[in-house]
Trainee: 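Here it is, the structure, as C-alpha coordinates.
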Amino acid sequence: MLFFLVLNAYFFIFMFRYSARIKDPLNSSKYLLIEGTEMFFILLFATGTLALSSSGGGHGSGGGFNLQAIRLLLLEVALLMSLFVCQERPKWGIGTVMYLIFILWCVYSLTYCSSFEYGIRYILKYLYPLIIMIVASAIIRDEKMFLALCVWARRVAIVSIIIEFIPGISTILGGTFWYATAMNLNYASITVISFALYYFYGKDKKDLIMAILFVLPSIVMVHRSGMLAIFVAIAVFMFFKHKWVSVPYIAVVAAAALAVVFYVPAVHDKMFWKDTENELTISDVRSGAITSDDIRNNGREALWEILENEYYIGHEMRGSGIGSCQKYLYENPAIVKQTHGDYVQMLCDTGRIGFVLYILIAIVIIVHCFIVCVTDYIPEYIKCCAMIVASSIAGCYAAMYSENVVTYTMASTGYPFALYGVMLGMLSKVGKPKYQYSERGLNF
(Lines give C-alpha, C1' and ligand atoms only; values in the text may rest on other atoms or scores of the structure.)
Protein backbone atom coordinates (compact mmCIF):
# COMPACT_ATOMS: atom_id res chain seq x y z
CA MET A 1 0.00 0.00 0.00
CA LEU A 2 2.89 2.37 0.81
CA PHE A 3 4.51 1.76 -2.61
CA PHE A 4 1.12 2.35 -4.22
CA LEU A 5 0.68 5.74 -2.53
CA VAL A 6 4.27 6.89 -3.14
CA LEU A 7 4.22 5.97 -6.83
CA ASN A 8 0.94 7.74 -7.48
CA ALA A 9 2.18 10.79 -5.58
CA TYR A 10 5.23 10.96 -7.87
CA PHE A 11 2.98 10.82 -10.92
CA PHE A 12 1.24 14.02 -9.90
CA ILE A 13 4.40 15.69 -8.62
CA PHE A 14 6.17 15.30 -11.96
CA MET A 15 3.05 16.13 -13.95
CA PHE A 16 2.92 19.63 -12.48
CA ARG A 17 6.66 20.26 -12.35
CA TYR A 18 8.11 22.59 -14.96
CA SER A 19 11.13 20.35 -15.66
CA ALA A 20 12.98 17.22 -14.62
CA ARG A 21 16.35 15.62 -15.31
CA ILE A 22 17.10 12.21 -16.79
CA LYS A 23 20.16 10.47 -18.22
CA ASP A 24 20.55 10.72 -21.97
CA PRO A 25 19.69 7.23 -23.35
CA LEU A 26 22.22 7.77 -26.16
CA ASN A 27 24.99 8.98 -23.87
CA SER A 28 24.85 7.86 -20.24
CA SER A 29 27.49 10.42 -19.21
CA LYS A 30 25.10 13.27 -20.01
CA TYR A 31 21.79 14.40 -18.59
CA LEU A 32 18.75 15.71 -20.40
CA LEU A 33 16.56 18.51 -19.12
CA ILE A 34 13.03 17.44 -19.96
CA GLU A 35 9.50 18.64 -19.25
CA GLY A 36 7.72 17.47 -16.13
CA THR A 37 4.99 15.82 -18.21
CA GLU A 38 7.64 13.83 -20.10
CA MET A 39 9.07 12.54 -16.82
CA PHE A 40 5.55 11.73 -15.63
CA PHE A 41 4.89 9.65 -18.73
CA ILE A 42 8.23 7.82 -18.59
CA LEU A 43 7.55 6.87 -14.96
CA LEU A 44 3.98 5.76 -15.69
CA PHE A 45 4.96 3.74 -18.78
CA ALA A 46 7.92 2.01 -17.15
CA THR A 47 5.97 1.01 -14.03
CA GLY A 48 2.92 -0.47 -15.76
CA THR A 49 4.04 -3.93 -14.62
CA LEU A 50 3.91 -2.99 -10.93
CA ALA A 51 0.95 -4.55 -9.16
CA LEU A 52 1.75 -3.05 -5.74
CA SER A 53 -0.67 -5.50 -4.22
CA SER A 54 -0.35 -8.52 -1.99
CA SER A 55 -2.42 -10.39 -4.56
CA GLY A 56 0.19 -9.78 -7.24
CA GLY A 57 -2.29 -8.39 -9.70
CA GLY A 58 -5.78 -8.98 -8.52
CA HIS A 59 -6.51 -12.56 -7.44
CA GLY A 60 -9.60 -12.91 -5.37
CA SER A 61 -13.33 -12.95 -5.58
CA GLY A 62 -13.49 -9.78 -7.55
CA GLY A 63 -16.29 -8.17 -5.59
CA GLY A 64 -16.25 -4.39 -5.71
CA PHE A 65 -13.20 -2.37 -6.73
CA ASN A 66 -9.99 -4.09 -5.69
CA LEU A 67 -6.63 -2.33 -5.55
CA GLN A 68 -5.84 -3.03 -9.20
CA ALA A 69 -9.13 -1.53 -10.32
CA ILE A 70 -8.35 1.57 -8.25
CA ARG A 71 -4.82 1.74 -9.67
CA LEU A 72 -6.15 1.46 -13.23
CA LEU A 73 -8.70 4.19 -12.60
CA LEU A 74 -6.06 6.49 -11.07
CA LEU A 75 -3.73 5.95 -14.03
CA GLU A 76 -6.49 6.85 -16.46
CA VAL A 77 -7.39 9.96 -14.46
CA ALA A 78 -3.72 11.00 -14.29
CA LEU A 79 -3.28 10.49 -18.03
CA LEU A 80 -6.36 12.56 -18.84
CA MET A 81 -5.21 15.32 -16.47
CA SER A 82 -1.81 15.42 -18.19
CA LEU A 83 -3.53 16.38 -21.46
CA PHE A 84 -4.48 19.69 -19.86
CA VAL A 85 -0.92 20.27 -18.62
CA CYS A 86 1.19 19.33 -21.65
CA GLN A 87 1.86 21.92 -24.34
CA GLU A 88 1.06 19.81 -27.42
CA ARG A 89 -2.26 18.48 -28.64
CA PRO A 90 -2.85 14.75 -29.24
CA LYS A 91 -2.11 13.37 -32.69
CA TRP A 92 -4.74 11.09 -34.17
CA GLY A 93 -4.03 8.16 -36.46
CA ILE A 94 -6.16 5.52 -38.13
CA GLY A 95 -5.48 3.14 -35.22
CA THR A 96 -6.69 5.71 -32.68
CA VAL A 97 -9.90 6.30 -34.62
CA MET A 98 -10.52 2.56 -34.97
CA TYR A 99 -10.01 2.03 -31.24
CA LEU A 100 -12.40 4.87 -30.43
CA ILE A 101 -15.10 3.24 -32.60
CA PHE A 102 -14.61 -0.01 -30.66
CA ILE A 103 -14.95 1.82 -27.32
CA LEU A 104 -18.14 3.51 -28.49
CA TRP A 105 -19.56 0.07 -29.33
CA CYS A 106 -18.62 -1.15 -25.83
CA VAL A 107 -20.38 1.87 -24.32
CA TYR A 108 -23.45 1.12 -26.43
CA SER A 109 -23.42 -2.47 -25.15
CA LEU A 110 -23.91 -1.09 -21.63
CA THR A 111 -27.52 -0.40 -22.61
CA TYR A 112 -28.31 -4.12 -22.67
CA CYS A 113 -25.68 -5.66 -20.35
CA SER A 114 -26.61 -7.69 -17.27
CA SER A 115 -24.59 -5.56 -14.84
CA PHE A 116 -23.72 -1.87 -15.26
CA GLU A 117 -20.99 -2.12 -12.58
CA TYR A 118 -19.16 -5.00 -14.22
CA GLY A 119 -19.65 -3.37 -17.60
CA ILE A 120 -17.96 -0.16 -16.47
CA ARG A 121 -15.12 -2.13 -14.92
CA TYR A 122 -14.41 -3.93 -18.17
CA ILE A 123 -14.70 -0.79 -20.24
CA LEU A 124 -11.98 0.73 -18.04
CA LYS A 125 -9.70 -2.16 -19.06
CA TYR A 126 -10.41 -1.61 -22.75
CA LEU A 127 -10.14 2.15 -22.33
CA TYR A 128 -6.62 2.26 -20.88
CA PRO A 129 -4.76 1.53 -24.17
CA LEU A 130 -6.76 4.25 -25.96
CA ILE A 131 -6.06 6.86 -23.29
CA ILE A 132 -2.35 6.10 -23.00
CA MET A 133 -2.09 6.09 -26.80
CA ILE A 134 -3.66 9.55 -27.06
CA VAL A 135 -1.56 11.00 -24.23
CA ALA A 136 1.67 9.51 -25.60
CA SER A 137 1.06 11.22 -28.94
CA ALA A 138 0.87 14.58 -27.17
CA ILE A 139 3.75 14.21 -24.70
CA ILE A 140 6.45 12.14 -26.42
CA ARG A 141 7.68 13.82 -29.60
CA ASP A 142 11.36 12.99 -30.16
CA GLU A 143 13.83 10.14 -30.44
CA LYS A 144 15.49 10.50 -27.05
CA MET A 145 12.19 10.39 -25.15
CA PHE A 146 11.14 7.33 -27.17
CA LEU A 147 14.42 5.61 -26.26
CA ALA A 148 14.06 6.63 -22.62
CA LEU A 149 10.68 4.86 -22.52
CA CYS A 150 12.22 1.70 -23.96
CA VAL A 151 15.29 1.73 -21.72
CA TRP A 152 13.39 2.37 -18.49
CA ALA A 153 10.67 -0.18 -19.29
CA ARG A 154 13.41 -2.75 -19.81
CA ARG A 155 15.19 -1.83 -16.59
CA VAL A 156 12.01 -2.32 -14.59
CA ALA A 157 11.44 -5.65 -16.38
CA ILE A 158 14.93 -6.77 -15.37
CA VAL A 159 14.09 -5.98 -11.76
CA SER A 160 10.96 -8.11 -12.07
CA ILE A 161 13.01 -11.10 -13.25
CA ILE A 162 15.46 -10.65 -10.36
CA ILE A 163 12.62 -10.58 -7.84
CA GLU A 164 10.93 -13.62 -9.39
CA PHE A 165 13.94 -15.91 -9.73
CA ILE A 166 16.30 -15.07 -6.87
CA PRO A 167 15.26 -17.13 -3.81
CA GLY A 168 14.13 -15.09 -0.83
CA ILE A 169 13.54 -11.82 -2.65
CA SER A 170 10.14 -12.91 -4.00
CA THR A 171 9.06 -13.72 -0.44
CA ILE A 172 9.99 -10.26 0.79
CA LEU A 173 8.73 -8.29 -2.23
CA GLY A 174 5.89 -10.56 -3.29
CA GLY A 175 3.06 -8.70 -4.99
CA THR A 176 5.28 -5.83 -6.16
CA PHE A 177 4.88 -6.94 -9.77
CA TRP A 178 2.00 -8.58 -11.56
CA TYR A 179 2.01 -12.35 -11.34
CA ALA A 180 4.01 -14.40 -13.83
CA THR A 181 1.29 -14.77 -16.48
CA ALA A 182 1.00 -11.02 -16.97
CA MET A 183 4.75 -10.49 -16.79
CA ASN A 184 5.46 -13.05 -19.52
CA LEU A 185 3.07 -11.18 -21.82
CA ASN A 186 4.93 -7.97 -21.03
CA TYR A 187 8.23 -9.66 -21.84
CA ALA A 188 7.01 -10.09 -25.44
CA SER A 189 7.16 -6.29 -25.81
CA ILE A 190 10.47 -6.05 -23.94
CA THR A 191 11.99 -8.78 -26.15
CA VAL A 192 11.25 -6.93 -29.38
CA ILE A 193 12.35 -3.64 -27.79
CA SER A 194 15.70 -5.30 -27.11
CA PHE A 195 15.91 -6.61 -30.69
CA ALA A 196 15.05 -3.14 -32.00
CA LEU A 197 17.75 -1.50 -29.88
CA TYR A 198 20.22 -4.11 -31.14
CA TYR A 199 19.46 -3.58 -34.82
CA PHE A 200 19.02 0.20 -34.82
CA TYR A 201 21.52 1.36 -32.19
CA GLY A 202 24.94 -0.11 -32.80
CA LYS A 203 24.29 -3.86 -32.57
CA ASP A 204 25.43 -3.96 -28.97
CA LYS A 205 25.62 -7.61 -27.84
CA LYS A 206 24.11 -6.55 -24.53
CA ASP A 207 20.80 -5.86 -26.29
CA LEU A 208 20.87 -9.25 -27.99
CA ILE A 209 21.53 -10.97 -24.66
CA MET A 210 18.64 -9.05 -23.12
CA ALA A 211 16.33 -10.18 -25.93
CA ILE A 212 17.20 -13.81 -25.20
CA LEU A 213 16.91 -13.25 -21.44
CA PHE A 214 13.26 -12.18 -21.70
CA VAL A 215 12.35 -15.26 -23.72
CA LEU A 216 13.49 -17.61 -20.95
CA PRO A 217 10.93 -16.93 -18.15
CA SER A 218 7.95 -18.17 -20.18
CA ILE A 219 9.89 -21.35 -21.04
CA VAL A 220 11.07 -21.93 -17.47
CA MET A 221 7.56 -21.27 -16.10
CA VAL A 222 6.01 -23.32 -18.93
CA HIS A 223 3.63 -20.50 -19.85
CA ARG A 224 2.28 -21.39 -23.27
CA SER A 225 0.49 -18.11 -23.97
CA GLY A 226 3.63 -16.18 -23.06
CA MET A 227 5.73 -18.31 -25.41
CA LEU A 228 3.19 -17.83 -28.20
CA ALA A 229 3.17 -14.06 -27.72
CA ILE A 230 6.97 -13.86 -27.73
CA PHE A 231 7.53 -16.09 -30.75
CA VAL A 232 4.82 -14.33 -32.80
CA ALA A 233 6.25 -10.93 -31.83
CA ILE A 234 9.77 -11.98 -32.87
CA ALA A 235 8.53 -13.41 -36.18
CA VAL A 236 6.63 -10.20 -37.05
CA PHE A 237 9.61 -8.07 -36.04
CA MET A 238 11.92 -10.08 -38.31
CA PHE A 239 9.50 -9.72 -41.21
CA PHE A 240 9.29 -5.94 -40.74
CA LYS A 241 13.05 -5.65 -40.43
CA HIS A 242 14.14 -7.93 -43.27
CA LYS A 243 10.98 -8.19 -45.42
CA TRP A 244 10.96 -11.37 -47.57
CA VAL A 245 14.59 -12.00 -46.70
CA SER A 246 13.27 -12.70 -43.20
CA VAL A 247 11.75 -16.05 -44.17
CA PRO A 248 14.86 -17.98 -42.98
CA TYR A 249 14.83 -15.99 -39.71
CA ILE A 250 11.14 -16.77 -39.18
CA ALA A 251 11.81 -20.43 -39.96
CA VAL A 252 14.50 -20.43 -37.27
CA VAL A 253 12.05 -18.87 -34.79
CA ALA A 254 9.40 -21.48 -35.68
CA ALA A 255 11.94 -24.29 -35.38
CA ALA A 256 13.04 -22.97 -31.97
CA ALA A 257 9.43 -22.83 -30.82
CA LEU A 258 8.76 -26.41 -31.95
CA ALA A 259 11.98 -27.60 -30.31
CA VAL A 260 10.90 -26.05 -27.02
CA VAL A 261 7.44 -27.63 -27.23
CA PHE A 262 8.63 -31.14 -28.09
CA TYR A 263 12.04 -31.42 -26.45
CA VAL A 264 11.64 -29.52 -23.16
CA PRO A 265 9.91 -32.15 -20.99
CA ALA A 266 8.02 -29.72 -18.76
CA VAL A 267 6.62 -27.85 -21.78
CA HIS A 268 5.77 -31.07 -23.65
CA ASP A 269 3.93 -32.53 -20.66
CA LYS A 270 1.91 -29.34 -20.16
CA MET A 271 1.11 -29.00 -23.87
CA PHE A 272 -0.07 -32.57 -24.51
CA TRP A 273 -1.91 -35.26 -22.61
CA LYS A 274 0.65 -37.68 -21.23
CA ASP A 275 0.91 -40.97 -23.10
CA THR A 276 4.07 -42.84 -22.14
CA GLU A 277 3.54 -45.55 -24.75
CA ASN A 278 3.13 -43.17 -27.68
CA GLU A 279 4.68 -39.78 -26.93
CA LEU A 280 4.00 -37.11 -29.55
CA THR A 281 6.93 -35.83 -31.61
CA ILE A 282 7.65 -33.35 -34.39
CA SER A 283 7.04 -36.19 -36.86
CA ASP A 284 3.40 -36.19 -35.74
CA VAL A 285 3.17 -32.52 -36.69
CA ARG A 286 4.45 -33.27 -40.19
CA SER A 287 2.03 -36.13 -40.65
CA GLY A 288 -0.93 -34.19 -39.24
CA ALA A 289 -1.49 -36.79 -36.52
CA ILE A 290 -1.94 -34.22 -33.74
CA THR A 291 -5.52 -33.08 -33.12
CA SER A 292 -7.12 -30.70 -30.64
CA ASP A 293 -7.94 -33.71 -28.45
CA ASP A 294 -4.22 -34.25 -27.87
CA ILE A 295 -3.65 -30.73 -26.51
CA ARG A 296 -4.21 -29.91 -22.88
CA ASN A 297 -6.60 -26.96 -22.52
CA ASN A 298 -6.88 -27.11 -18.71
CA GLY A 299 -10.67 -26.93 -18.86
CA ARG A 300 -10.74 -23.83 -21.07
CA GLU A 301 -12.94 -25.33 -23.79
CA ALA A 302 -15.50 -26.55 -21.26
CA LEU A 303 -15.68 -23.07 -19.72
CA TRP A 304 -15.88 -21.42 -23.16
CA GLU A 305 -18.77 -23.71 -24.10
CA ILE A 306 -20.67 -22.70 -20.95
CA LEU A 307 -20.16 -19.01 -21.63
CA GLU A 308 -21.04 -19.30 -25.32
CA ASN A 309 -24.27 -21.16 -24.53
CA GLU A 310 -25.16 -18.58 -21.91
CA TYR A 311 -24.19 -15.31 -23.60
CA TYR A 312 -23.30 -15.81 -27.28
CA ILE A 313 -25.72 -18.26 -28.88
CA GLY A 314 -28.84 -16.30 -29.72
CA HIS A 315 -26.96 -12.98 -29.37
CA GLU A 316 -24.35 -13.48 -32.09
CA MET A 317 -24.28 -9.99 -33.56
CA ARG A 318 -24.47 -7.78 -30.42
CA GLY A 319 -23.47 -10.15 -27.64
CA SER A 320 -25.07 -9.97 -24.19
CA GLY A 321 -23.44 -6.72 -23.13
CA ILE A 322 -20.04 -5.73 -21.80
CA GLY A 323 -19.13 -7.31 -18.45
CA SER A 324 -21.65 -10.17 -18.73
CA CYS A 325 -19.01 -12.91 -18.62
CA GLN A 326 -17.16 -11.33 -15.72
CA LYS A 327 -20.36 -11.01 -13.69
CA TYR A 328 -21.20 -14.68 -14.31
CA LEU A 329 -17.73 -15.92 -13.32
CA TYR A 330 -17.38 -13.73 -10.23
CA GLU A 331 -20.80 -14.63 -8.90
CA ASN A 332 -20.29 -18.39 -9.29
CA PRO A 333 -17.78 -19.44 -6.60
CA ALA A 334 -17.33 -22.92 -8.09
CA ILE A 335 -15.98 -21.51 -11.37
CA VAL A 336 -12.66 -19.83 -12.15
CA LYS A 337 -12.72 -16.02 -12.19
CA GLN A 338 -11.32 -15.49 -15.70
CA THR A 339 -12.34 -16.78 -19.13
CA HIS A 340 -8.72 -17.52 -20.15
CA GLY A 341 -9.73 -16.48 -23.65
CA ASP A 342 -10.30 -12.83 -24.50
CA TYR A 343 -11.84 -13.61 -27.88
CA VAL A 344 -14.53 -15.83 -26.35
CA GLN A 345 -15.31 -13.12 -23.81
CA MET A 346 -15.39 -10.48 -26.56
CA LEU A 347 -17.85 -12.52 -28.61
CA CYS A 348 -20.07 -13.14 -25.59
CA ASP A 349 -19.96 -9.53 -24.36
CA THR A 350 -19.88 -7.48 -27.56
CA GLY A 351 -20.83 -9.99 -30.26
CA ARG A 352 -19.37 -10.38 -33.70
CA ILE A 353 -19.50 -6.63 -34.25
CA GLY A 354 -17.28 -5.89 -31.23
CA PHE A 355 -14.95 -8.78 -32.07
CA VAL A 356 -14.46 -7.62 -35.66
CA LEU A 357 -13.90 -4.02 -34.56
CA TYR A 358 -11.22 -5.14 -32.11
CA ILE A 359 -9.45 -7.26 -34.72
CA LEU A 360 -9.57 -4.33 -37.16
CA ILE A 361 -7.67 -2.20 -34.63
CA ALA A 362 -4.67 -4.53 -34.89
CA ILE A 363 -4.92 -4.81 -38.66
CA VAL A 364 -5.01 -1.07 -39.35
CA ILE A 365 -2.19 -0.36 -36.88
CA ILE A 366 0.06 -3.10 -38.28
CA VAL A 367 -0.61 -1.89 -41.84
CA HIS A 368 0.07 1.70 -40.76
CA CYS A 369 3.35 0.62 -39.16
CA PHE A 370 4.33 -1.28 -42.30
CA ILE A 371 3.71 1.81 -44.45
CA VAL A 372 5.88 3.83 -42.06
CA CYS A 373 8.67 1.25 -42.35
CA VAL A 374 8.74 1.30 -46.17
CA THR A 375 8.45 5.10 -46.56
CA ASP A 376 11.87 6.47 -47.54
CA TYR A 377 11.78 9.93 -45.96
CA ILE A 378 10.73 8.76 -42.48
CA PRO A 379 13.69 8.66 -40.02
CA GLU A 380 15.05 5.31 -38.85
CA TYR A 381 14.13 5.85 -35.20
CA ILE A 382 10.44 6.16 -36.12
CA LYS A 383 10.70 2.98 -38.18
CA CYS A 384 12.27 1.34 -35.12
CA CYS A 385 9.24 2.40 -33.05
CA ALA A 386 6.85 1.16 -35.75
CA MET A 387 8.45 -2.29 -35.75
CA ILE A 388 8.14 -2.56 -31.97
CA VAL A 389 4.48 -1.52 -32.15
CA ALA A 390 3.50 -3.96 -34.91
CA SER A 391 5.30 -6.96 -33.42
CA SER A 392 4.15 -6.30 -29.84
CA ILE A 393 0.52 -5.92 -30.88
CA ALA A 394 0.72 -9.10 -32.95
CA GLY A 395 2.12 -10.94 -29.91
CA CYS A 396 -0.62 -9.64 -27.60
CA TYR A 397 -3.37 -10.51 -30.06
CA ALA A 398 -1.98 -14.02 -30.51
CA ALA A 399 -2.01 -14.61 -26.74
CA MET A 400 -5.63 -13.40 -26.47
CA TYR A 401 -6.80 -16.71 -27.88
CA SER A 402 -6.18 -18.48 -24.58
CA GLU A 403 -5.21 -15.79 -22.07
CA ASN A 404 -6.65 -12.80 -20.20
CA VAL A 405 -4.52 -10.19 -21.95
CA VAL A 406 -7.14 -7.45 -21.56
CA THR A 407 -7.29 -8.05 -17.81
CA TYR A 408 -3.55 -7.38 -17.63
CA THR A 409 -3.85 -4.27 -19.82
CA MET A 410 -1.43 -2.13 -17.75
CA ALA A 411 1.30 -4.74 -18.21
CA SER A 412 0.35 -6.05 -21.66
CA THR A 413 -1.59 -4.08 -24.28
CA GLY A 414 -0.78 -0.73 -22.66
CA TYR A 415 2.83 -0.95 -23.89
CA PRO A 416 2.40 -1.41 -27.67
CA PHE A 417 -0.55 0.99 -27.87
CA ALA A 418 1.39 3.63 -25.94
CA LEU A 419 4.27 3.26 -28.38
CA TYR A 420 1.83 3.62 -31.28
CA GLY A 421 0.91 6.98 -29.77
CA VAL A 422 4.63 7.79 -29.51
CA MET A 423 5.01 6.94 -33.21
CA LEU A 424 2.17 9.31 -34.09
CA GLY A 425 3.72 12.07 -31.98
CA MET A 426 7.12 11.68 -33.63
CA LEU A 427 5.59 11.46 -37.11
CA SER A 428 3.87 14.81 -36.57
CA LYS A 429 7.31 16.43 -36.31
CA VAL A 430 8.52 15.00 -39.62
CA GLY A 431 7.86 17.16 -42.66
CA LYS A 432 7.18 15.53 -46.00
CA PRO A 433 9.83 16.32 -48.62
CA LYS A 434 8.92 19.15 -51.00
CA TYR A 435 9.23 18.39 -54.67
CA GLN A 436 10.18 20.99 -57.27
CA TYR A 437 10.07 20.75 -61.04
CA SER A 438 12.96 21.88 -63.20
CA GLU A 439 13.79 21.66 -66.85
CA ARG A 440 15.87 18.55 -66.22
CA GLY A 441 13.23 16.71 -64.25
CA LEU A 442 12.04 16.17 -60.73
CA ASN A 443 14.23 17.50 -57.92
CA PHE A 444 13.96 17.78 -54.17
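Computation of the quantities below employed the complete heavy-atom set of this structure, encompassing side-chain atoms and omitting hydrogens, waters and symmetry-equivalent molecules.
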Trainee: Less than 4.5 Å apart, side chain to side chain, heavy atoms only: is that true for Thr339 and Val344?
Mentor: no
Trainee: Met238 versus Ile234: any side-chain heavy-atom pair under 4.5 Å?
Mentor: yes
Trainee: Check the surroundings of atom CZ in Phe116: do more than 12 heavy atoms from other residues, nucleotides or ligands lie under 6.0 Å from it?
Mentor: no
Trainee: Regarding Lys327 and the six-membered ring of Tyr122, is the cationic atom NZ or CZ under 6.0 Å from the ring centre and inside 45° of its axis?
Mentor: no
Trainee: Grab the two heavy atoms, one from Met145 and one from Ile140, that are nearest each other, plus how far apart they are.
Mentor: CB-CG2, 3.7 Å
Trainee: Rounded to the nearest 0.5 Å, what separates atom CD1 in Ile359 from atom CE in Met98?
Mentor: 11.0 Å
Trainee: Please, which pairs that meet salt bridge (charged side-chain N to carboxylate O under 4.0 Å, His left out) have at least one residue in residues 10-31, sequence neighbours excluded?
Mentor: Asp24-Lys144
Trainee: Are the side chains of Phe40 and Tyr10 in contact, using a 4.5 Å heavy-atom criterion?
Mentor: no
Trainee: Decide, yes or no, whether a salt bridge links Asp207 with Arg154 under the criterion of side-chain N to carboxylate O below 4.0 Å.
Mentor: yes
Trainee: Below 3.5 Å, can you tabulate the donor-acceptor pairs from side chains in residues 391-402 to any protein atom, sequence neighbours excluded?
Mentor:
from, atom 1, to, atom 2, distance (Å)
Ser391, OG, Met387, O, 2.6
Ser391, OG, Ile388, O, 3.2
Ser392, OG, Ile388, O, 2.8
Tyr397, OH, Tyr358, O, 2.8
Ser402, OG, Ser225, OG, 3.1

Trainee: Could you check if a side-chain atom of Val422 sits within less than 4.5 angstrom of a side-chain atom of Met426, using non-hydrogen atoms only?
Mentor: yes
Trainee: Apply ring pair (Phe, Tyr, Trp, His ring centres under 6.0 Å) to Tyr128 and list each qualifying residue two or more places apart in sequence or on a separate chain.
Mentor: none
Trainee: Does the distance from a Lys or Arg side-chain N to an Asp or Glu carboxylate O, for Glu143 and Lys429, drop under 4.0 Å?
Mentor: no
Trainee: His368 versus Leu424: any side-chain heavy-atom pair under 4.5 Å?
Mentor: yes
Trainee: Are the side chains of Phe41 and Leu79 in contact, using a 4.5 Å heavy-atom criterion?
Mentor: yes
